[in-house]
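In what follows, a structure is listed as structure tokens, so that the remarks can point back to it.
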Amino acid sequence: MKKDNKKVIYWLLTGCLLIFIMVVVGGITRLTHSGLSISNYKLISGTIPPMNDVEWNAAFDLYKQYPEYQKINHQFTLDDFKDIYFWEWLHRVIGRFIGVIFIIPFVYFLIRKQLTTPTIKKSLILMLLGSFQGFLGWFMVKSGLIDRPDVSHYRLAMHLTAAFITFAYTFWVALDLIYPNKKQIDIKFRKLIRWGLGVLLLQIIYGAFVAGLDAGLLHNYWPLMSDGTIIHESVYIEQSPLLKNFVEGKSGVQFIHRYLAYIVVGLIVFIWFRSKKIQTSTTQSNSLNALLIIVCIQFLLGVFTLIFRVPILLGVLHQIVAFFLLGAMTFSLHRFSK
């Protein structure tokens, strides 16, 4: 039986789709402030939500023991609790389902000897990334169960970035199988796209910082910040020392995220124009066209999300298009790498 066949490709692409769905649900979980509704972790029994009033009241009583209820949601009724519980429960269930979808087919393909040695090694890396992602999820939740009723924005950034990287690597492994034939590459142009990917990942990290600090709820103007300034004074006086403003200050983090967006757009536009000076295939050209279109859409979404103070719909759309943008960048890099 042929190794690395279409079934293997479909398996990997299904994994990409599920990671995408999980990130979308994770975004909704964050925007609805549902992430701390389940304050314990039970791998198997936690898959089943409370099924009767006794179980719901027990879950609610557990929630009441932690800072989010005591400091923010003390007015919550059981029905209010059920609303936020749903999104966190769904997010965790999808995570478990992804684990099953990765592990069972992998074992099946191993038994049937349908994987080449390189694909086996790459798949094992995927398993490690997935396991690490699950750990980061709980590591993030724990940070909001001690003193402050919110998760650490650092841990949120780690959790979100790990999900994006896991998706990108899964997609890359699938692309290796879809396009098995190697070709001559332009090393300088590949390096340029790698720089673009690096800056995009930095922007994704800062997007997570903005979300974790609720930094999108201030300076809701564009193209300038509050008071018609390019750099509002709160950017550099909120924290001490100065550099701390740009990783922990709300204004400083938003400042980096909003102006780094221009760099991301500028780099992708430059990559697109630079590609016109080299010989490209139809697939390569289409990948860069898609990259250019998606980054323009993402930029506009970012502007509207900021101006309208992060409504749930725009916030989720902004995260979804960030996912598509990373996918387009990954695809473009692959097509100019192998």
Side-chain angles (χ1 to χ4, degrees), residues 15-43 46-47 66-68 84-99 101-102 125-171 197-198 200-216 247-248 250 253-254 256-257 310 312 315-316 318-327 330:
C16 290
L17 176 62
L18 289 172
I19 295 170
F20 165 71
I21 292 171
M22 186 174 183
V23 169
V24 172
V25 173
I28 297 173
T29 301
R30 175 64 195 173
L31 289 166
T32 55
H33 302 285
S34 304
L36 296 176
S37 57
I38 304 177
S39 44
N40 57 10
Y41 184 81
K42 297 179 180 179
L43 181 61
T47 305
Y66 293 95
E68 185 174 74
I84 63 171
Y85 186 99
F86 169 77
W87 288 111
E88 176 64 9
W89 169 81
L90 182 61
H91 186 55
R92 295 189 185 195
V93 166
I94 294 173
R96 292 175 173 89
F97 185 60
I98 290 174
I101 290 298
F102 267 104
I125 293 173
L126 283 176
M127 303 294 176
L128 289 175
L129 284 172
S131 300
F132 185 57
Q133 172 68 358
F135 162 75
L136 284 176
W138 178 238
F139 184 60
M140 176 188 69
V141 168
K142 281 186 68 177
S143 66
L145 301 178
I146 303 172
D147 297 314
R148 56 193 296 265
D150 205 356
V151 299
S152 162
H153 70 290
Y154 291 119
R155 297 188 188 187
L156 174 65
M158 291 169 64
H159 185 52
L160 181 65
T161 305
F164 274 80
I165 290 173
T166 303
F167 162 79
Y169 187 71
T170 307
F171 190 33
L197 177 60
L200 176 59
L201 285 172
L202 180 61
Q203 177 70 331
I204 288 169
I205 291 170
Y206 264 91
F209 281 178
V210 169
L213 293 171
D214 290 325
V247 290
E248 294 186 10
K250 293 184 179 183
V253 164
Q254 191 201 103
I256 296 291
H257 190 56
V310 199
I312 292 177
V316 172
H318 191 47
Q319 187 161 300
I320 288 173
V321 178
F323 213 92
F324 287 147
L325 183 57
L326 179 64
T330 303

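Between V141 and E88, the closest side-chain pair of non-hydrogen atoms falls below 4.5 Å. Residues Q203 and L325 form no side-chain contact, since every pair of their non-hydrogen atoms from C-beta on lies 4.5 Å or further apart. When side chains are defined from C-beta on, I256 does not count as touching V210, because their heavy atoms never get closer than 4.5 Å. Counting only heavy atoms from C-beta outward, the side chains of L200 and L326 approach each other to under 4.5 Å. Using a 4.5 Å heavy-atom cutoff, the side chains of Y66 and L36 are not in contact. At a threshold of 4.5 Å between non-hydrogen side-chain atoms, the residues Y169 and I125 count as touching. Using a 4.5 Å heavy-atom threshold, the side chains of H33 and W87 count as separate.
Across A215 and K250, no two heavy atoms sit closer than the pair CB-O, 3.4 Å. Taking every heavy atom of both residues into account, L156 and A208 meet most closely at CD2-O, 3.5 Å. Pairing each heavy atom of L136 with each of A162, the nearest pair is CD1-CB, 3.6 Å. Contact between P67 and I146 at its shortest, heavy atoms only, is CG-O, 3.4 Å. Closest heavy-atom contact between Q319 and V24: NE2-N, 4.5 Å. When all heavy atoms of M140 and R155 are compared, the closest pair comes out as CA-CB, 3.8 Å.
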- For I98 and F102, what are the C-alpha separation, side-chain angles and deciding distance, and is it a side-chain contact (heavy atoms from CB on, under 4.5 Å)? CA-CA 6 Å; I98 290 174; F102 267 104; 3.5 Å; yes
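Distance check: I38 CD1 to W89 CH2 gives 9.0 Å after rounding to the nearest 0.5 Å. Here I19 contributes atom CD1 and I165 contributes atom CD1; the two are 11.5 Å apart, rounded to the nearest 0.5 Å. Atoms NE2 and CG, from H318 and L31 in turn, are 11.0 Å apart once rounded to the nearest 0.5 Å. Rounding to the nearest 0.5 Å places CG of L90 at 12.0 Å from OH of Y85. One finds the CD1 atom of I204 at 9.5 Å from the NE2 atom of H257 (value rounded to the nearest 0.5 Å). Going from atom CZ of F132 over to atom OG1 of T166 covers 9.5 Å, rounded to the nearest 0.5 Å.
The aromatic rings of F323 and F164 lie tilted to each other, with the angle between the two planes from 30° to 60°.
Without hydrogens or angle criteria, S152 side chain to S143 main chain gives no donor-acceptor distance under 3.5 Å. A donor-acceptor pair under 3.5 Å is formed between the side chain of H153 and the backbone N or O of V247.
Annotation: Y154, atom OH; neighbour count of heavy atoms from other residues, nucleotides and ligands within 6.0 Å is above 12.
With R30 as reference, D214 is the one residue of L160, D214, V25 to meet the side chain to side chain contact (heavy atoms under 4.5 Å, CB included) rule.
Two rings, from Y206 and F209, have their centers less than 6.0 Å apart.
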